[in-house]
Structure formats: C-alpha cells, structure tokens
Amino acid sequence: MSEAGNKQKPRVVAIVGPTATGKTDAAVAVCTALSGEAISMDSMQIYRRLSIGTAKPSAAEMGGIPHHMLSIVEPETAYSVAEYQRDALAAMESVLARGNLPAFVGGTGLYLQAVSHPLRFAEAGGASPVRERLQQEAEQPGGAEALHIRLAKVDPESAERLHVNNTRRVIRALEIFETTGTPMSEAISDWEAEPDQDWRIFALTMPREALYARINARVDIMVARGLIDEVRSLLQSGLPRECQALQAIGYREIVEMLDGRCTQAEAVEAIKMNSRRYAKRQLTWLRRDSRIEWMNLADFDNPSALHAMLVARIWEGRGGDKNAGN
RNA sequence: GCCUUGGUAGCUCAGAUGGUAGAGCAGUAGACUGAAAAUCUACGUGUCGGUGGUUCGAUUCCGCCCCAAGGCA
C-alpha cells in the first residue's frame, strides 16, 4: 500500500457506442447505482446552445446525476482533442477526489483514446499561421501531392501512413514538423500507452437495421422539437457558418436548407443518412479497441435489464471493494 | 377491350448487329494523435418481369402471359 508500484489504480468506467443507443440513460443508471458522476465524451455536446441536434441530455434526463464536460464552450470556439483531454482528466480527478466513480459517456472515439490511454500530443497546437499557409498551398493545382512529397522527405513514416488525398492530416503532420522541428511520428505516443486508471469500457450496440431505424426516428423527433429554430437562432446571433460547431450533423444540413440550397425534406433525409454513416464509423472505431466489452441491446428484454447487467459487471469487478473485503 | 411506352443491382437509369452486363446514388469494410458529428481509403453476380420458340448459344430476336404508366374507346 505504501509502495507506489502496488498502488491500486482507481476504477473508471466508460460507456460508449454509436449514436442513439441509449448511452445517456445507461450512464445515469450506473451513476445512480454506484454513486458516480458522468463525464461527457462528445465532441459536439461540448458546445453551448447546441442542444436539440446534439441530443444533449436535459436536466430531467440527467436524473440528478452531475454531468461534466457539457456546454462548456461557446459555439464559435474551436475546441480540440488536446483540450478535451486536459479538461476531462481534470474533471475525472475531481470526481475521484470526491470518492465517486467517474463514468465517461459518449461516442467520440478519439476522445476515448485521449483520456483512456492516454495519448501524448505534439507540442504544436491548434490553428496557426503555419497551418493557414499550408492550407493555401494545398489548394494550388497539384498542391496536395506536393505537400505529401514534402512530408515524405521530413517524416517518411507519417507520409507512408497518410494517404495523399487526406490533405487535412498531411497538413497537420507538416505543421508539427515545421513548428517544432520534430516529425510527428516521433512527437506522439503509441496508441497503447498505459493509463493510470483501471478502465472498464462498455459499448452499447444493436443490430444494424434496428440501429438505423432508431436513428431515423430520432432525427424526426429532433426536427419536431425545434431543431430548425435552434439552427436559425444560432445563425441570427451571428455564429459564422464555417465554425466547427456548425459542421455537426444536423446543423450543417439545416444551414444549407435555411440558405435555400435544398428543401426541408432533403435536409432531413441528409441528416438521417449522415447520422447512419456516422454511427457506422463509430462502430469501426470502437471495434478495434480490444478492451471494450460489448453489450447488445437485442440480448436484453429492455434497457433496464441492460442497465442492471452493466451495474453488476462494474460492481463485481471493482478492485477496491474486492481488496477491501479481505 | 384496343394502342403506345416501359419492366436490367436496394434506388434512378445505361447497354450489347444475339456470346450471361455497368454508371451514379444507397450500402459494406477499413484508416484515424490538437477540425474527429471532421477527414480519408477500398469494394459492383444481378433468375437483365415470366414462359414457350428460333439458335451451337437469348437478358438481347419472335409469340404468349403478368405488372406499371399514359392514350383511345
């Protein structure tokens, strides 16, 4: 106990999965049963004033459970993974300090990695003049290829990894090298860095067809609840169309519609389609994480049964309690 | 009832003087380290409506039938 090497790592839970699988409810159930606090792991619920389209939990849905990392920045802000990592880990520490169970909930795969491994990022941060210059270069004819070739010279490993057409990534790698002098491949950590916590990660899922049906239905509900007005008032308040927050699914399509480039029916269909594709990408991301314990809604009579199982699994594996018992 | 035009991939359609067919979209799989709800990559076999006939060979030509849309009665 006094030896650092034997120190018990604190138990931390994460509930992940594609959009519309009921993660929020599951997290509230877990927190209620195990005196936990929820920490959102969602790149868009971070923003204030984006509520309906991000399916941000309402006060009622939170069921009295404290939620962190929700509505913490203004929508005009460009928030990034590195900031998320810093802020979310701080939130986690505060939950731990209170003796409660941190329960991360959300569907942003990169954010999960950032806090649970944890990733070490390069020194060079967000948007910069260097990035802007590289972006302009990329737009020249043959620019993307030229940048990729340049990257291959200074950081062959990253160039190998990155497809020429993935300009955004090529630029980032170049940006890291140009501003720090270190190639990206050396500046960042491995995927598999050991975390300081004892993570228990559960992914909620369901058969593809059922998932898609739920997503479609949820989009209709969002529209019925006033998604269009939400977007309209965001624009009216002067929020620029190019900002990160308005790139969110459900927002960019409505902006298109409000600008008269498509009908409402088309916008709604596009939101459904983009949400389905997003869910598919989320699944792809999660599948490669071997730590994840999958929970298929189809195997349970109802969500409550799944919640009970979740609680039981987390409880039984709780290292601290097990040791306290002997 | 008659005439016309269609019936080819989940959808919209293309195509071959007869040698079993291909685009877009959808879909699927994958990648992912400071935009990640972002960005990027790969993947096209389907009784060519049914059934008879001609033919070495029919989805393609011919007959009949079914279905859809339009027109005439």
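The chains referred to below are lettered A, B, ... by the order of the sequence lines, with proteins before strands, and numbering in each begins at 1.
Following chains of ILVMFWY side-chain contacts shorter than 4.5 Å, one cannot reach Met62(A) starting from Leu310(A), and the two form parts of different hydrophobic clusters. Taken together through direct or relayed side-chain contacts under 4.5 Å among Ile, Leu, Val, Met, Phe, Trp and Tyr, Leu70(A) and Val13(A) form parts of separate hydrophobic clusters. Ile221(A) is not connected to Ile254(A) by any chain of hydrophobic side-chain contacts under 4.5 Å among Ile, Leu, Val, Met, Phe, Trp and Tyr, and they are in different clusters.
When rounded to the nearest whole Å, the span between CD of Gln45(A) and P of A36(B) equals 14 Å. Look at CD1 on Ile176(A): it is 8 Å from C1' on G34(B), rounded to the nearest Å. A straight line from NE2 of His163(A) to P of U41(B) spans 6 Å, rounded to a whole angstrom. If you take CG of Leu112(A) and C1' of A36(B), they are 13 Å apart, rounded to a whole angstrom. Atom pair Tyr47(A):OH and A37(B):C1' shows a separation of 11 Å (rounding to whole Å applied). The nearest whole Å value for the distance from the CZ atom in Arg131(A) to the P atom in U39(B) is 14 Å. Put simply, CG on Leu162(A) is 14 Å from P on A35(B), counting in whole angstrom units. Rounding to whole angstrom units, OH of residue Tyr111(A) and P of G34(B) are separated by 11 Å.
Residue pairs meeting the salt bridge (Lys or Arg N to Asp or Glu O under 4.0 Å) criterion with at least one partner in residues 43-55 of chain A, sequence neighbours excluded, are Arg48(A)-Glu74(A). Pairs passing the side chain to side chain donor-acceptor pair (under 3.5 Å) check and including a residue from residues 104-114 of chain A, sequence neighbours excluded, read Gln113(A)-His117(A), Gln113(A)-Asp289(A). Within the structure, salt bridge (Lys or Arg N to Asp or Glu O under 4.0 Å) contacts touching residues 52-70 of chain A (residues at least two apart or in different chains) do not occur. Sorted pairs that involve residues 224-273 of chain A and meet ring pair (Phe, Tyr, Trp, His ring centres under 6.0 Å), not counting sequence neighbours, are lacking altogether.
Contact annotation for Gly53(A): base contact, defined as any heavy-atom pair under 4.0 Å involving a base atom.
Taking atom P in both A42(B) and A36(B), the straight-line distance is 24 Å, to the nearest Å. Comparing the P positions of G10(B) and G6(B) gives a spacing of 23 Å, expressed to the nearest Å. U20(B) sits 11 Å from G46(B) when the C1' atoms are compared, rounded to a whole Å. Nucleotides U5(B) and C25(B) have their C1' atoms positioned 26 Å apart, rounded to a whole Å. Comparing A14(B) with C48(B), their C1' atoms sit 12 Å apart, to the nearest whole Å. If you take atom C1' in U55(B) and the same atom in C13(B), they sit 30 Å apart, rounded to whole Å. Nucleotides G15(B) and U8(B) are separated by 14 Å at their P atoms, to the nearest Å. Going from the C1' atom of G71(B) to that of G18(B) covers 33 Å, rounded to whole Å.
The side chain of Gln135(A) approaches A35(B) more closely than any other nucleotide in the set G34(B), A35(B), A36(B). Set against C40(B), G34(B), A37(B), the side chain of Tyr278(A) has A37(B) as its closest nucleotide.
Counting side-chain heavy-atom gaps under 4.5 Å among Ile, Leu, Val, Met, Phe, Trp and Tyr, the cluster of Leu134(A) also holds Val130(A), Leu147(A), Leu151(A), Val154(A), Leu162(A), Val170(A), Ile171(A), Leu174(A), Phe177(A). The hydrophobic cluster containing Ile65(A) also includes Val28(A), under a criterion of side-chain heavy atoms closer than 4.5 Å among ILVMFWY residues, counted directly or through chains of members.
Residues passing the salt bridge (charged side-chain N to carboxylate O under 4.0 Å, His left out) test with Arg172(A) are Glu175(A), sequence neighbours excluded. Not a single salt bridge (charged side-chain N to carboxylate O under 4.0 Å, His left out) links Glu253(A) to another residue, sequence neighbours left out.
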N/O donor to acceptor pairs below 3.5 angstrom from side-chain atoms of residues 298-305 of chain A, sequence neighbours left out:
from	atom 1	to	atom 2	distance (Å)
Asn302(A)	OD1	Ser304(A)	N	3.1
Asn302(A)	OD1	Ala305(A)	N	2.9

Dot-bracket for RNA chain B, 5' to 3', Watson-Crick and G-U pairs with both distances under 3.5 Å, [ ] for crossing pairs, | for partner on another strand, reads (((((((..((((.....[..)))).(((((.......))))).....(((((..]....)))))))))))).
* Please step through side chain to side chain donor-acceptor pair (under 3.5 Å) for the pair Arg218(A) and Ser275(A), ending with a clear verdict. => CA-CA 10 Å; Arg218(A) 191 159 85 152; Ser275(A) 300; over 6 Å; no
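Residue Asn165(A) has no polar side-chain atom (N or O) positioned under 4.0 Å from OP1 or OP2 of U39(B). The side chain of Thr54(A) contributes no N or O atom lying less than 4.0 Å from OP1 or OP2 of A37(B). In terms of phosphate contacts, Gln282(A) brings no side-chain nitrogen or oxygen within less than 4.0 Å of OP1 or OP2 of A36(B).
Nearer the 5' end of RNA chain B, as judged by each residue's closest nucleotide, is the contact made by Arg120(A), out of Arg120(A) and Ile249(A).
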Protein-proximity profile, nucleotides 25-31 of chain B, B/S/- by nucleotide at the 4.0 Å heavy-atom cutoff, equals -SSBBBB
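Counting distance only, with no hydrogens placed and no angle test, the side-chain atoms of Asp42(A) and the base atoms of A37(B) include a donor-acceptor pair under 3.5 Å.
If you check residues 66-95 of chain A against RNA chain B, the residues with a heavy atom closer than 4.0 Å are Tyr79(A), Ser80(A), Val81(A), Ala82(A), listed by number.
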